[in-house]
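In what follows, a single structure is set out as structure tokens and then discussed.
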Amino acid sequence: MSELANLPHVVWLSGALLFGLLVGSFLNVVIHRLPRMLERDWQEQCAELRGETPTPPPSYNLLKPDSTCPTCDHRIRAWENIPLLSYLLLRGRCSQCGSAIGLRYPLVELTSGLLSVLVAWHFGPTPQALAALLLLWALLALTFIDYDTQLLPDQITLPLLWLGLLLNIDGLFVDLTTAVIGAAAGYLVLWSVFHLFRLLTGKEGMGFGDFKLLAMLGAWLGWQLLPQIVLVSSLVGAVTGVALILFRGRERSHPIPFGPYLAAAGLIALLWGPQINAGYLRLAGL
């Protein structure tokens with residue numbers, strides 16, 4: 001870690017940008033494949049419950065099969081998979097059939113790269129920065145998966161929850177007691193809101209994945225930042241929901257994923273949470 005602290009600032013930030021772009025390319029795979037992997041698992045479990053013996057499906061995970069063009073099944077070669085650069089060189093089209101490549105792919109890579117630089121700049125070359133980058137990448141994956149599918153996979157939230165507690169054994173971000181209370185409170189706050197809303201309306205207002213995501217953030221950042229995360233995510237979510245109804249004609253009953261707002265609020269809290277809380281207290285005269 002002493003070598004890390006001695007890195008020149010430009011090298012540290014350049015490395016964060018490069019690695020962030022590379023991770024962003026992998027996040028595209030996670031965002032696309034993980035929900036489909038879960039769906040396959042659920043189908044196999046249902047088949048077993050029905051007493052069926054399903055034919056083993058072809059291998060499908062985050063590494064296999066190789067990425068292909070969805071239109072012509074052209075296998076993506078290494079030079080066609082360079083973050084951002086390949087998209088520009090190919091002019092956003094498949095090299096084989098010329099079909100358009102979704103703008104989502106370079107957008108995820110660019111977002112990952114730029115936010116990685118922001119996190120690296122904020123924390124400097126420290127162990128905190130390395131851990132914060134891992135949390136950032138997890139939040140990015142969860143944001144896009146929830147936006148696409150209204151799912152927040154346990155395969156991401158639960159390991160990151162435990163990792164947050166382990167990292168805080170030595171107080172990397174907060175002391176362990178604060179982290180444990182944060183994890184429990186994060187889950188119970190939204191669990192309580194969920195059941196109260198269902199009691200009053202007879203409807204389910206959010207998914208269990210949201211509880212686990214807030215518990216994960218509580219394990220990393222502590223209970224003191226949970227009110228801020230809930231407030232910011234709720235305000236942004238409410239404004240976005242009203243805007244979608246007014247300007248895009250979305251039905252009121254159409255579900256709006258809450259995970260992206262929790263993730264954005266969690267990132268803000270990670271970077272500036274204590275300063276924001278201190279500002280609240282100053283305004284309140286406390």
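- In this structure, Lys212 NZ and Asp154 CG are separated by 3.5 Å, a value rounded to the nearest 0.5 Å.
- Inspection of the Asn277 and Gln224 side chains reveals no N or O donor paired with an N or O acceptor under 3.5 Å.
- Annotation for Leu196: hydrophobic cluster partners, listed by chain and number, are Leu200 (ILVMFWY side-chain heavy atoms under 4.5 Å, direct or chained).
- At distances below 3.5 Å, not a single donor-acceptor pair connects side-chain atoms of Trp220 with backbone N or O atoms of Leu167.
- The hydrophobic clustering, which links ILVMFWY residues whose side-chain heavy atoms are closer than 4.5 Å, places Leu226 and Leu176 together.
- Put simply, Leu262 and Phe144 are part of the same group of oily side chains (I, L, V, M, F, W, Y) that touch within less than 4.5 Å, one to the next.
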* Stepwise, does the ring pair (Phe, Tyr, Trp, His ring centres under 6.0 Å) test hold for Trp137 with Phe19? -> CA-CA 11 Å; Trp137 297 327; Phe19 206 70; 5.8 Å; yes
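- Linking Ile, Leu, Val, Met, Phe, Trp and Tyr whenever their side-chain heavy atoms come within less than 4.5 Å leaves Leu22 and Leu115 in two separate clusters.
- Residues that satisfy the salt bridge (charged side-chain N to carboxylate O under 4.0 Å, His left out) test with Arg77, not counting sequence neighbours, are Glu80.
- A salt bridge is defined here as a Lys NZ or Arg NE, NH1 or NH2 lying under 4.0 Å from an Asp or Glu carboxylate O, and Arg104 with Asp148 meets this definition.
- Between Glu109 and Leu27, the closest side-chain pair of non-hydrogen atoms is not below 4.5 Å.
- Considering only heavy atoms from C-beta on, Cys69 stays 4.5 Å or farther from Gln96 through its side chain.
- Judged by distance alone, the side chain of Asn61 and the main-chain N or O of Leu63 form a donor-acceptor pair under 3.5 Å.
- Partner Ile145 forms a side chain to side chain contact (heavy atoms under 4.5 Å, CB included) with one of Leu38, Leu140, Ile31 and no other, that one being Ile31.
- Considering only heavy atoms from C-beta on, Thr68 stays 4.5 Å or farther from His74 through its side chain.
- Side-chain atoms of Arg93 do not come within 3.5 Å of backbone N or O of Ser99 as any donor-acceptor pair.
- Side-chain atoms of Thr126 come within 3.5 Å of backbone N or O of Phe123 as a donor-acceptor pair.
- No side-chain donor-acceptor contact under 3.5 Å links Asn168 to the backbone of Gly171.
- With a 4.5 Å cut-off on side-chain heavy atoms, Phe194 and Phe208 count as touching.
- From Leu190, atom CG reaches atom OG of Ser233 across 7.5 Å, with rounding to the nearest 0.5 Å.
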* Checking side-chain contact (heavy atoms from CB on, under 4.5 Å) for the pair Val189/Phe211: CA distance, chi angles, key distance, verdict? -> CA-CA 8 Å; Val189 164; Phe211 313 165; over 6 Å; no
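- Judged purely by atom type and a 3.5 angstrom limit, Arg91 has no side-chain atom pairing as donor or acceptor with the backbone of Tyr87.
- Cluster membership check: Leu133 shares its hydrophobic cluster with Val11, using side-chain heavy-atom separations under 4.5 Å among Ile, Leu, Val, Met, Phe, Trp and Tyr.
- The distance from atom OG1 of Thr157 to atom CG of Leu214, rounded to the nearest 0.5 Å, is 11.5 Å.
- Here the straight-line distance linking atom CG of Leu34 with atom CG of Leu151 works out to 9.0 Å at 0.5 Å rounding.
- In this structure, OG in Ser67 is found 4.5 Å from CZ in Arg33, a value given to the nearest 0.5 Å.
- Within the 4.5 Å cutoff, the side chain of Leu139 has heavy atoms near those of the Met216 side chain.
- Taking CG from Leu161 and CG from Leu165, the interatomic distance works out to 5.5 Å, rounded to the nearest 0.5 Å.
- Under the 6.0 Å distance and 45° angle rule, Arg40 counts as a cation-pi partner of Tyr60.
- Hydrophobic clustering, with ILVMFWY side chains joined whenever heavy atoms are under 4.5 angstrom apart, groups Trp162 together with Ile169.
- Every residue meeting the ring pair (Phe, Tyr, Trp, His ring centres under 6.0 Å) condition with His195, not counting sequence neighbours, appears here in chain and number order: Trp191.
- In this structure the side chain of Ser116 reaches within 4.5 angstrom of the side chain of Leu136, judged on heavy atoms.
- Using a 4.5 Å cut-off on side-chain heavy atoms (C-beta onward), Leu21 and Ser112 make no contact.
- A heavy-atom distance below 4.5 Å is not found between the side chains of Val119 and His122.
- Under the 3.5 Å distance criterion, with hydrogens and angles disregarded, a donor-acceptor pair is assigned to the side chains of Thr178 and Asp175.
- When atom types are taken as modelled, the side chain of Asp66 and the backbone of Arg75 share no donor-acceptor pair closer than 3.5 angstrom.
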